[in-house]
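Quick notes on the structure that follows.
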Amino acid sequence: MSDPTTDSPVIPASSGSSAPLYLIDGSGYIFRAFHALPPLTRPDGTPVNAVYGFCAMILKLIEDLKAERLAVIFDAGRRSFRNDIYPEYKAHRPEAPEELVPQFPLIRDATRAFALPCIEMVGFEADDLIASYARAARDAGQEVVIVSADKDLMQLVRDGVALMDPMKAKRIGADQVFEKFGVAPDRVVDVQALAGDSTDNVPGVPGIGIKTAAQLIGEYGDLDTLLARASEIKQPKRRQNLIEHADKARMSRELVRLREDVALPDPLDSLHVGEMVPEVVLSFLEQQGFSSLIAKLRPHLGHIKPVTGGSAGAGAAAVADEISEAGRQYELVQDEAALARWIEAATEAGIVGFDTETTGLDPHRASLVGLSLAVSPGRACYVPLRHVAAAEKQGALDLSAAQGGLDLAGDGGGHGGATGDDGAPPAQIPVGRALEMLKPLLEAPGVLKVGQNIKYDMIIMAREGILVSPIDDTMVMSYALDGTRHGHGMDELAQIHLGVTPISFDAVTGRGRDRISFAAVTLDRACAYAAEDADITLNLHRMLKPRLAAEHVRALYERTDRALVPVLARMERRGIRVDREALGRASREFADAMAILETRIHELAGESFNVGSPKQLGEILFDKLNLPGGKKGKTGAYATGADILQKLVVEGHELPAKVLEWRQLAKLKNTYADALVETINPETGRVHTSFALTITTTGRLSSNDPNLQNIPVRTVEGRRIRRAFVPDPGFVLMSADYSQIELRLLADIAGITTLRDAFRDGIDIHALTASQVFGLPVEGMDPMVRRKAKAINFGIIYGISAFGLAQQLDIPQSESRRYIEAYFERYPGIRDYMERAKADARAHGFVTTIFGRKCWTPDISAKNPALRAFAERAAINAPLQGSAADIVRLAMVQLDRALEASPLGARMLLQVHDEILLEVPVAEVDETTALVRQVMQDVVSRPVPYVVEVGIGDNWDAAH
DNA sequence: GCACTCACG
DNA sequence: GACGTACGTGAGTGCT
């Protein structure tokens with residue numbers, strides 16, 4: 001067994017005897033935390049998000065790394081000696097945002113409150129002090145770990161000096177430096193001197209970036225040699241630039257090279273983690289309202305009294321304190337009287353945290369094992385329903401170790417006292433009786449049931465005959481508020497908003513081979529885990545709910561996202577019928593065809609190999625047969641994607657053609673024909689997907705287990721799969737899809753009157769684009785020209801690039817560039833829209849849909865131009881894709897209501913982004929068509945019509 | 001666990 | 001003449 005401490009990725013190779021010295025780049029961290037964390041203010045309005053991030057990081061470092069020697073180092077101001085060398089150094093940087101300014105002194109206060117050395121020096125940047133301390137420590141034979149994400153510090157990496165990214169907990173060694181700069185750490189300054197750095201305004205040599213710089217340094221050894229021998233450079237422009245800007249390069253090197261000779265403000269041996277004074281730390285944290293951190297820290301401070309009673313109006317403070325071990329009262333409910341008390345308390349409160357425990361992740365197969373209720377912070381219970389005799393395995397699990405040192409359960413392990421005798425199930429209220437008692441509460445219109453991903457619990461309960469309503473969902477709330485800035489799992493939300501680490505599921509049930517069913521968990525453990533989840537859910541609700549209105553997403557959440565939850569639950573529960581035999585036949589035929597293709601492929605290759613292995617295929621094609629094509633990617637493997645193989649086919653090669661056919665069949669057989677049959681639920685005989693509402697950056701849903709949003713449609717072979725999706729007897733399938741919804745939104749949002757009128761008049765939009773770009777009449781448009789225009793329209797929606805369009809149409813970039821110019825000349829408003837989207841993203845970090853959903857674009861200001869360009873295109877696309885997603889969400893909510901209110905028997909089955917698939921009684925087709933079309937088209941009232949096309953069939957393909 | 005490939009809108 | 005590309009997903013397979 002390996003010692004767990006050796007798994008830490010950040011401990012440098014051991015050499016010296018004293019503990020490693022951690023040098024923390026305080027200034028770098030402030031900016032990073034400020035931009036990474038959502039706004040957070042003290043009750044008095046002072047912004048403290050960066051302070052919070054800083055404190056959390058420091059506590060984690062001390063705890064995780066058991067750091068003994070440490071210093072936090074700051075910039076002392078904007079000016080440094082570098083401004084004397086080059087006045088423009090960092091001169092273009094804007095002033096710090098006003099929400100950040102008051103946090104600078106607070107972070108220094110925090111450092112001192114934690115009893116940590118806090119170091120800065122006028123005239124030098126934090127990086128210089130870090131370099132100087134690292135140098136001194138290394139000279140003294142001590143190990144150093146620099147905690148920073150700043151690439152400028154990479155030059156310091158060497159034996160005994162490691163760099164570590166505080167957020168990713170990733171160690172950056174010489175290898176990672178080489179990945180970034182293409183040279184060893186000791187040559188990083190030379191590369192930076194040549195390439196310059198736009199964020200710091202270091203000029204470098206024009207026309208040279210990191211790649212070229214690394215190549216040059218690799219060739220000539222170092223900057224001075226390169227400059228001395230610049231006349232040998234072959235490329236004329238590059239040679240001239242190197243000669244002309246040699247001085248600038250040398251100066252740039254002075255700017256980027258860190259000073260290692262700064263007089264140390266505090267002696268090296270004074271940098272140790274001091275003893276925290278509880279009153280000082282707690283009073284500081286309380287002033288900031290960081291009760292979650294107080295809760296976390298208190299066990300480490302020994303037995304001290306809570307600070308002043310004033311919970312200062314901070315919701316977070318009260319909540320986190322109650323979550324801390326002292327304030328919790330979790331009760332195991334094993335008799336009817338106790339359950340009745342909890343039901344009464346929940347009814348009284350009008351709101352209840354609710355969670356179910358089951359035997360698995362799939363809500364359509366798992367069975368209910370127990371459920372938990374939380375009525376106020378810290379007060380929660382667990383009601384076991386179908387527990388069996390406890391498994392023996394769990395006695396070996398160390399529950400407290402899995403909680404990161406906080407014994408939240410107050411139960412250090414051992415056998416639960418409430419468990420029954422060996423072999424017999426533990427005492428529980430008979431499940432039928434318990435559910436009978438709970439049903440009125442869970443269905444009571446006056447009691448809000450709050451869950452975390454409550455769709456899961458609603459499906460489980462629906463299978464028990466209970467329709468949970470009304471509901472709130474903290475996961476969905478979190479998504480409406482913060483989009484994809486972070487995930488929305490309970491553990492992550494608890495950490496972010498409450499500062500607690502819930503007991504992990506794995507700690508309760510074990511993992512891998514040793515995993516036991518939740519039904520076999522002892523009741524004490526089950527209660528500690530399950531009641532905590534309900535408790536945390538209710539506490540998250542308190543934190544998130546007020547933010548909805550404050551951050552202007554309340555209507556979005558309540559009318560669109562939350563309203564969709566029960567609709568999706570019903571759809572998932574209903575499932576869709578799939579013809580098992582049809583898929584079986586397809587599978588066998590695909591297999592036969594593949595076998596024939598495989599024989600021919602091996603024949604053409606002259607040897608037998610695994611056609612399914614891109615690596616082996618690449619070697620056959622490009623090494624053995626010497627076909628034209630090249631290496632690609634970091635792995636050095638040949639690219640063998642469909643586009644590459646298709647090019648070879650055009651050149652007349654048979655082997656790649658056969659491989660393409662084989663791949664298509666392999667995909668259809670493995671991913672669809674075979675896998676889909678496995679997902680047919682034995683109880684219902686139908687396939688039940690799960691729709692995720694909180695995954696995508698734009699507000700789209702996603703579908704998984706199985707994914708029913710990517711069923712083949714584009715090829716005849718593929719449509720065989722689609723034909724296996726069939727209605728119940730007496731029903732037909734109805735497909736209703738929004739026509740050109742994203743292009744309509746573009747016309748709408750960008751206010752393009754020509755396009756708007758074309759949509760109003762029902763004109764063929766691709767033919768219109770062709771006419772505008774190529775100057776041809778719409779009437780009698782050549783289909784090939786129309787195809788190009790269609791690609792342009794798609795490209796526009798994706799944030800067009802000459803490269804992408806050229807790739808798509810297989811034309812030279814010069815040609816695609818001309819098309820794009822012609823397009824923008826005709827539609828200047830669309831270019832304006834794109835610029836506006838990018839500017840919005842830069843200003844706020846997000847763009848919005850017409851419903852006010854925020855789509856976050858974190859890389860919009862990335863230094864890496866590729867990353868930034870990616871984010872810019874996403875910023876252009878997101879309002880279009882996202883508004884479409886909102887419209888469809890709302891359409892589903894309203895259609896569900898309309899169908900409910902009508903006598904019609906139609907039911908929604910699936911959503912595929914711009915399509916809703918329904919099952920409709922044969923006799924009601926006409927009436928349902930009219931209703932569906934009306935509801936969907938009238939979801940929004942805008943200047944551009946949103947037209948819906950409806951198809952009917954006795955399978956999904958036919959309905960299309 | 002990651003890279004590659006490919007299915008969909 | 002630097003970057004490496006169309007936007008958004010989920011799943012199966014091969015390979016380390």
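Per chain, numbering begins at 1; letters A, B, ... match sequence-line order.
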Separation of [X] atom [atom1] from [N] atom [atom2], in whole Å?
| X | N | atom1 | atom2 | result |
| --- | --- | --- | --- | --- |
| Leu910(A) | dT9(C) | CG | P | 20 Å |
| Asn710(A) | dT5(B) | CG | P | 18 Å |
| Leu660(A) | dA7(B) | CG | C1' | 15 Å |
| Ile741(A) | dC8(B) | CD1 | P | 20 Å |
| Ile887(A) | dG8(C) | CD1 | C1' | 17 Å |
| Lys615(A) | dA3(B) | NZ | C1' | 13 Å |
| Asp859(A) | dC3(C) | CG | C1' | 14 Å |
| Gln664(A) | dT5(B) | CD | C1' | 13 Å |

Calculate, to the nearest 0.5 Å, the distance between atoms [atom1] and [atom2] belonging to [X] and [Y] respectively.
| X | Y | atom1 | atom2 | answer |
| --- | --- | --- | --- | --- |
| Thr640(A) | Glu619(A) | OG1 | CD | 11.0 Å |
| Ile800(A) | Ile820(A) | CD1 | CD1 | 4.0 Å |
| His960(A) | Glu949(A) | NE2 | CD | 10.5 Å |

* Asked: Between Ala869(A) and Thr696(A), who's closer to the 5' end of DNA chain C by nearest nucleotide?
  ->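 Nearest-nucleotide comparison on DNA chain C picks Ala869(A).
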* Between Tyr798(A) and Gly612(A), which is nearer to the 5' end of DNA chain C once each is assigned its nearest nucleotide? ->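 Whichever sits nearer the 5' end wins; that is Tyr798(A).
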Side chain [X] and base [N] donor-acceptor under 3.5 Å:
| X | N | answer |
| --- | --- | --- |
| Arg238(A) | dG1(C) | no |
| Lys667(A) | dC6(B) | yes |
| Arg868(A) | dG4(C) | no |

Tell me which nucleotide among [options] gets nearest to the side chain of [X].
| X | options | answer |
| --- | --- | --- |
| Pro614(A) | dC8(B), dA11(C), dT5(B) | dT5(B) |
| Ser801(A) | dT13(C), dC6(B), dA6(C) | dA6(C) |
| Lys211(A) | dA2(C), dT5(C), dG14(C) | dA2(C) |
| Asp705(A) | dA11(C), dT9(C), dC8(B) | dA11(C) |
| Asp914(A) | dG9(B), dA6(C), dG12(C) | dG9(B) |
| Ala642(A) | dC3(C), dC6(B), dG10(C) | dC6(B) |
| Ala866(A) | dG4(C), dC7(C), dG12(C) | dG4(C) |
| Asn610(A) | dG14(C), dT13(C), dT9(C) | dG14(C) |

Output yes when at least one side-chain N/O atom of [X] is less than 4.0 Å from OP1 or OP2 of [N], else no.
| X | N | result |
| --- | --- | --- |
| Arg714(A) | dA7(B) | no |
| Gln616(A) | dC15(C) | yes |
| Thr697(A) | dT9(C) | yes |
| Ser703(A) | dT9(C) | no |
| Thr698(A) | dG8(C) | no |
| Arg873(A) | dC7(C) | yes |

* Asked: Does some side-chain heavy atom of Arg365(A) sit less than 4.5 Å from a side-chain heavy atom of Asn681(A)?
  ->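 In contact.
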* Asked: Less than 4.5 Å apart, any side-chain heavy atom of Lys647(A) and any of Pro656(A)?
  ->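 With C-beta onward as the side chain, the pair stays apart.
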Checking all strands, does [X] fall into the base, sugar-phosphate, or nothing category for heavy-atom contacts under 4.0 angstrom?
| X | value |
| --- | --- |
| Ala806(A) | nothing |
| Asn864(A) | nothing |
| Ile797(A) | nothing |
| Phe803(A) | base |
| Ala878(A) | nothing |
| Ile208(A) | nothing |

Distance between [atom1] atoms of [N] and [M] (Å, rounded):
| N | M | atom1 | result |
| --- | --- | --- | --- |
| dC8(B) | dG4(C) | P | 30 Å |
| dC4(B) | dA6(C) | P | 13 Å |
| dT5(B) | dT5(C) | P | 13 Å |

* Base partner of dA2(C), which must satisfy Watson-Crick or wobble distances under 3.5 Å ->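 Looking at the geometry, dA2(C) pairs with no nucleotide.
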* Asked: Regarding Arg817(A) and Gln813(A), is there a side-chain donor-to-acceptor distance under 3.5 Å anywhere?
  ->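 There is such a pair (donor and acceptor under 3.5 Å, judged by atom type) between the side chains of Arg817(A) and Gln813(A).
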* Donor + acceptor pair across side chains of Ser587(A), Asp674(A) (<3.5 Å) ->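 Yes, Asp674(A) and Ser587(A) have a side-chain donor paired with an acceptor closer than 3.5 Å.
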* Trp856(A) vs Phe846(A) aromatic rings, parallel, tilted or perpendicular, using cut-offs 30° and 60°? ->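 The rings of Trp856(A) and Phe846(A) stand perpendicular, inter-plane angle above 60°.
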